[in-house]
There are 2 protein chains.
Amino acid sequence: MATIKDVARAAGLSTATVSRVLNDHPSVTAATRAAVQDAIQRLDYHPNSAARTLRSADVSTLGLVVGDVVNPFFSELARAVENEARAHGYYVVIGNADEDPDRQDEYLSILLDRRVAGLLLCPTAEVSPLVADVVRGGRPVVFVDREIDGLDVPVVRSDSRLPVTALVDHLVRLGHRDPAIISGPTGLSTGRERLAAFRDALATHGIGLPESRVRVGDFQMDSGVAAMRSLLDQPEPPTAVFAADNLMALGALRCVHERGLRLGTDIALASFDDLPWFEYVEPPITAIRQQTERIGRTAVRELVALLDGRPARSHALPCTLVTRASCGEPVPGGEG
Amino acid sequence: MATIKDVARAAGLSTATVSRVLNDHPSVTAATRAAVQDAIQRLDYHPNSAARTLRSADVSTLGLVVGDVVNPFFSELARAVENEARAHGYYVVIGNADEDPDRQDEYLSILLDRRVAGLLLCPTAEVSPLVADVVRGGRPVVFVDREIDGLDVPVVRSDSRLPVTALVDHLVRLGHRDPAIISGPTGLSTGRERLAAFRDALATHGIGLPESRVRVGDFQMDSGVAAMRSLLDQPEPPTAVFAADNLMALGALRCVHERGLRLGTDIALASFDDLPWFEYVEPPITAIRQQTERIGRTAVRELVALLDGRPARSHALPCTLVTRASCGEPVPGGEG
DNA sequence: AAGATCGATGTAAACGATTCCACGCAATCC
DNA sequence: GGATTGCGTGGAATCGTTTACATCGATCTT
């Protein structure tokens, strides 16, 4: 493959001049420029970008490590991140942790190795020496969706307490006296928070949350199926179930269908994370809607602030409870 | 940012030795190795991959450019690609074209700049000088899902003809005499093929496909809404609609709900791409199921073959028609 | 016990681009 | 008309790594 030296030789010029032509440097004669262009054409020369980025660091790419690409929340997040990043002149390359802390660390390494300008991370584990190192190393990092105790990193996420409280009120109003939860991993801040919010909200109604009403999944679909089965297999199954993310809600739904139960009458189901198709299931599924797009955009803005040397701050964005019919009572005009 | 020199100095060794540790060279004492590891930890050192690939090309990372991360087909594909790649010792970084040819080219450039070992690409446009250059430049590339006429690149995709024919037979059997299609872009091989297969299959039943029965979307949700509206706004709307991908099917579904129509009785709907939740909509949605996981895994295997200097071949994997009730007739035991 | 062998480490030359600095030359100034 | 300015270009250092070759003890051979 032709190098800049070959071009220089072919054009009878120095590599410095060729480089100037390549980078649109003003002080090059039109004639010289043409000669270089010609040599480039003839030799089918393509600059080696490894050499290029070695010399002058790449500042155009951001890294995004998501919890699980298959999770629509994260893919929508990825799209939002990308759109906002492009508006600021950055590209985004994505690594998929698949909810596996080891994979997360690997992609973290790869992206750092590749010298991305900054990192957006949805941490998949509470403790990761690598993450801690990266943060302490002073690299520009923003956490998205999840935070890690003890690490002073800007976090952009949803505030789960209010909407979960609203959901519990909704459930209790419909007569559910012993709702269950399919929680996310308690090792993740989102898992913990949603569970705690659920428990606390029930407590205000004088309702406890015994172990028989809690199952812990991993935010992926299969764990939702298993959790729902386990809940329904009890002597006194719950009348309502709150799945802490959309994939586990889908899994729960699969189980409900397996058993031939009717949603909303035999068993109530609600989900953290709203999805377009929740509206089209019969009956439509009540869900807590996150401002996914806004989360992504805000996170990018904070990261860009960091990159520009400005201070960044954390955000807990509000959610809305979208009440539909899956918890028992058809709510007219439920959207909103 | 720490360099190999800093590590060498901190460990009281030469850069050569540090490099040997980094690359698992056998002839390094355990003690020396430990000292280097320690220094690496302390300094939070990450090798500069630009320098590394400048000296000797990086062989551990594959690049994947998907059509649209938000499309569940592509996110499932991404997961499969990643799992298979890891089994072969590769990592995968993802770029999202968002169905935009310019973005595709940008990510292609970025990934090539970063000197990934090989590329998996879901081309978003028929003509792209960059893609052509890359292919002609002899870089290891495998196309996934879509192909480009005139480029001799291994392609791993679904064979759409058989299942689309089966779908049309199904529709005709249920009495639909003028089905419509929400096609993908005709600039994409998948768009063209599915449309052609639909038209040809109808022809064998003596049914034509006039312009009033064809709408062209972009494989994204909004275009499905618009296309469905346009189809239904006609004086004589079709009784059945085939959406050429899952996102446009979701869009069509939104339109059906907007209008207060009942799926299966007022209007039939079928989709290319099956999704778990299609089963839980009322009535469940008939769909053509691709072997997404197998497509991803096969594509990686072919790319790995290329990287190992072995020949690679193309694959057209079979799909299955999963008949459910959305086209009018509840089919008992419809799964399969 | 002296030379051959071997294993661990260091030295320094690449890789291909960018860019600071210096140089020569023409045009301009006083 | 000699000094100054400015412009186009070239020389060479530099980015951070890998790796061929050199070095240097220690061990082995006979």
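Letters A, B, ... mirror the listed sequences (proteins, then strands); counts begin at 1. A quick note: this is a predicted structure, and the numbers were derived from the prediction, not measured.
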List in numerical order all residues of residues 5-13 of chain A for which some heavy atom is under 4.0 Å away from an atom belonging to DNA chain D.
A/G12, A/L13
Polar contact flag, side-chain donor to acceptor under 3.5 angstrom, A/E82-A/Y90:
no
Do we see a donor-acceptor contact under 3.5 Å between the side chains of A/N83 and A/E293?
no
More than 12 heavy atoms of other groups within 6.0 Å of B/D308 CG:
yes
Closest to the 5' end of DNA chain D, once A/R33 and B/P47 are matched to their nearest nucleotides, is A/R33
Reading DNA chain C in the 5' to 3' direction, which nucleotide is the first one with an atom under 4.0 Å from a heavy atom of chain B, and which is the last?
C/dA8 to C/dG16
Are more than 12 heavy atoms, taken from residues, nucleotides or ligands other than A/Q37, located less than 6.0 Å from that residue's CD atom?
yes
Between B/E302 and B/R157, does any side-chain N to carboxylate O distance fall below 4.0 Å?
no
A/N96 CG to B/S75 OG distance, which is reported to the nearest 0.5 Å:
9.5 Å
Need to verify one output field. Residue with the more 5' nearest nucleotide on DNA chain C, B/A51 or B/T15?
B/T15
Strictly below 4.0 Å, N to O, side chains only: are A/R294 and A/E76 in salt-bridge contact?
no
Between CZ of A/R55 and P of D/dC15 the distance, given in whole Å, is 7 Å
Which of residues 16-32 of chain A sit near DNA chain D, with a heavy atom under 4.0 Å from it?
A/A16, A/T17, A/R20, A/S27, A/V28, A/T29, A/T32
Rounded to the Å, how far apart are A/N48 CG and D/dT17 P?
16 Å
Step-by-step side-chain hydrogen bond (donor to acceptor under 3.5 Å, both in side chains) determination, A/T124 to A/Q104
CA-CA 7 Å; A/T124 56; A/Q104 163 196 286; 2.9 Å; yes
Should A/L108 and A/L119 be marked as a side chain to side chain contact (heavy atoms under 4.5 Å, CB included) after you check the CA-CA gap, both sets of side-chain angles, and the distance that decides it?
CA-CA 8 Å; A/L108 201 58; A/L119 262 171; 3.6 Å; yes
Classify the side-chain pair A/N71/A/Q220 by whether it contains a donor and acceptor separated by less than 3.5 Å.
no
